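The next block holds one structure in the form of structure tokens; read it before the comments.
Just so you know, these numbers use all the heavy atoms, side chains as well, and skip hydrogens, waters and symmetry mates. Being a predicted model, the structure only gives us computed values, none of them experimental.
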Amino acid sequence: MQSPQTVMTISRDEPLQATRTLLLEGIGYKVVALGSDAEVRDFLKLLDRPTPSLVLMCHSVPEKSRVALCSEIKVRYPFAPILMLYNGYDPTAAVVDGRLENMRDPQALLDTVRLLLPTKLEKPNTNLRFS
């Protein structure tokens with residue numbers, strides 16, 4: 001049996017983090033939920049860590065930390081897309097692979113994750129273009 005794909009979520013907003021974790025685990029993904037810069041850096045140092053297939057960076061992480069963390073994550077996981085969940089203008093856009101406006105409808109997040117990381121029953125979408 002194939003193990004579930006791992007989604008790393010990074011957020012300072014604990015209720016949002018908990019909601020995203022429940023949503024993503026509910027559709028079959030393994031979630032690594034991290035909050036502080038130290039937690040992210042500690043995770044990146046682990047030798048037996050799961051390799052994320054996707055990274056979700058929340059707008060609640062301060063801009064300076066977002067830029068630094070995204071750069072460090074890209075060094076360790078060059079093939080894992082980083083999706084910035086933002087609320088309005090996002091100056092971090094240059095260091096991420098895609099952006100998704102922080103929305104009130106959680107279905108938009110689920111649909112986007114499914115496009116990027118199809119479950120074993122779905123085929124990958126190779127025609128994705130980020131704005």
Side-chain angles (χ1 to χ4, degrees):
M1 185 167 135
Q2 183 180 356
S3 60
Q5 295 186 72
T6 300
V7 177
M8 177 193 293
T9 66
I10 304 167
S11 178
R12 300 292 196 275
D13 186 319
E14 290 181 22
L16 269 177
Q17 183 83 301
T19 300
R20 290 181 188 134
T21 298
L22 285 172
L23 288 169
L24 294 167
E25 287 177 344
I27 60 171
Y29 297 102
K30 178 179 179 179
V31 176
V32 175
L34 305 169
S36 69
D37 293 10
E39 284 181 329
V40 175
R41 289 186 176 108
D42 287 347
F43 177 83
L44 294 175
K45 291 177 187 174
L46 294 174
L47 295 177
D48 61 346
R49 66 188 178 267
T51 300
S53 301
L54 173 67
V55 177
L56 301 178
M57 177 68 71
C58 182
H59 70 278
S60 64
V61 176
E63 177 185 349
K64 188 175 180 180
S65 291
R66 282 196 310 258
V67 172
L69 292 174
C70 286
S71 297
E72 290 176 43
I73 290 166
K74 272 298 177 192
V75 167
R76 301 270 190 329
Y77 308 113
F79 300 109
I82 300 174
L83 184 63
M84 178 67 207
L85 305 175
Y86 72 101
N87 190 6
Y89 173 72
D90 172 37
T92 314
V95 296
V96 298
D97 299 299
R99 301 176 321 206
L100 180 64
E101 187 165 1
N102 195 33
M103 69 326 267
R104 301 200 191 291
D105 177 16
Q107 191 61 48
L109 174 64
L110 295 178
D111 291 345
T112 302
V113 171
R114 281 184 174 129
L115 284 173
L116 292 168
L117 300 177
T119 62
K120 61 183 176 184
L121 300 176
E122 300 170 316
K123 291 184 178 179
N125 183 343
T126 58
N127 297 316
L128 289 177
R129 300 285 185 262
F130 288 113
S131 60

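When all heavy atoms of Pro50 and Lys30 are compared, the closest pair comes out as CG-NZ, 3.9 Å. When every heavy atom of Ser11 is checked against every heavy atom of Ser60, the shortest pair comes out as OG-OG, 3.1 Å. Heavy-atom minimum distance, Ala108 versus Leu100: O-CD2, 4.2 Å. For the residue pair Leu83 and Thr112, the shortest heavy atom distance occurs at CD2-CG2, 3.6 Å. Nearest heavy atoms, Leu54 versus Pro81: CD1-O, 3.4 Å. Annotation for Arg66 and Val61: closest pair NH1-O, 2.8 Å, computed over non-hydrogen atoms.
Residues Leu24 and Thr9 have side chains in contact (heavy-atom distance under 4.5 Å, counting atoms from C-beta outward). Side chains of Arg20 and Val31 form no contact here, defined as non-hydrogen atoms less than 4.5 Å apart. In this structure, Ile82 and Ile73 have side chains that are in contact, with non-hydrogen atoms separated by less than 4.5 Å. Looking at Met57 and Val67, their side chains never come closer than 4.5 Å, going by heavy atoms from C-beta outward. Using a 4.5 Å heavy-atom threshold, the side chains of Arg76 and Arg49 count as touching. Under the 4.5 Å side-chain criterion, counting only non-hydrogen atoms from C-beta, Val32 is in contact with Leu34.
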Please report the C-alpha distance between Ile10 and Val55 in whole Å, then the side-chain angles of each, then the deciding distance to 0.1 Å, and finally whether the side-chain contact (heavy atoms from CB on, under 4.5 Å) criterion is met.
-> CA-CA 8 Å; Ile10 304 167; Val55 177; 4.1 Å; yes

Please assess Tyr29 against Arg114 for the test side-chain hydrogen bond (donor to acceptor under 3.5 Å, both in side chains), listing each intermediate value before the final yes or no.
-> CA-CA 10 Å; Tyr29 297 102; Arg114 281 184 174 129; 5.7 Å; no

Stepwise side-chain hydrogen bond (donor to acceptor under 3.5 Å, both in side chains) test for Thr6 and Ser53 | CA-CA 6 Å; Thr6 300; Ser53 301; 5.9 Å; no

Given side-chain contact (heavy atoms from CB on, under 4.5 Å), test Glu25 with Val7 step by step and report yes or no.
-> CA-CA 9 Å; Glu25 287 177 344; Val7 177; over 6 Å; no

Working for side-chain contact (heavy atoms from CB on, under 4.5 Å), residues Arg12 and Ser65 = CA-CA 11 Å; Arg12 300 292 196 275; Ser65 291; 3.9 Å; yes

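If you check the side chains of Asp111 and Gln107, you find a donor sitting under 3.5 Å from an acceptor.
Checking side-chain atoms of Lys74 against main-chain N and O of Leu69 turns up no donor-acceptor pair under 3.5 Å. Glu39 places a side-chain N or O within 3.5 Å of a backbone atom of Gly35 that can act as its donor or acceptor partner.
We find the CE-OG1 distance between Met8 and Thr51 to be 9.0 Å, quoted to the nearest 0.5 Å. The CG atom of Leu44 sits 5.5 Å away from atom OH of Tyr77, with the distance rounded to the nearest 0.5 Å. Interatomic distance, Gln17 CD to Leu22 CG, rounded to the nearest 0.5 Å: 10.5 Å.
Between Glu72 and Arg41 there is a salt bridge, since at least one side-chain N of the basic residue sits less than 4.0 Å from a carboxylate O of the acidic one.
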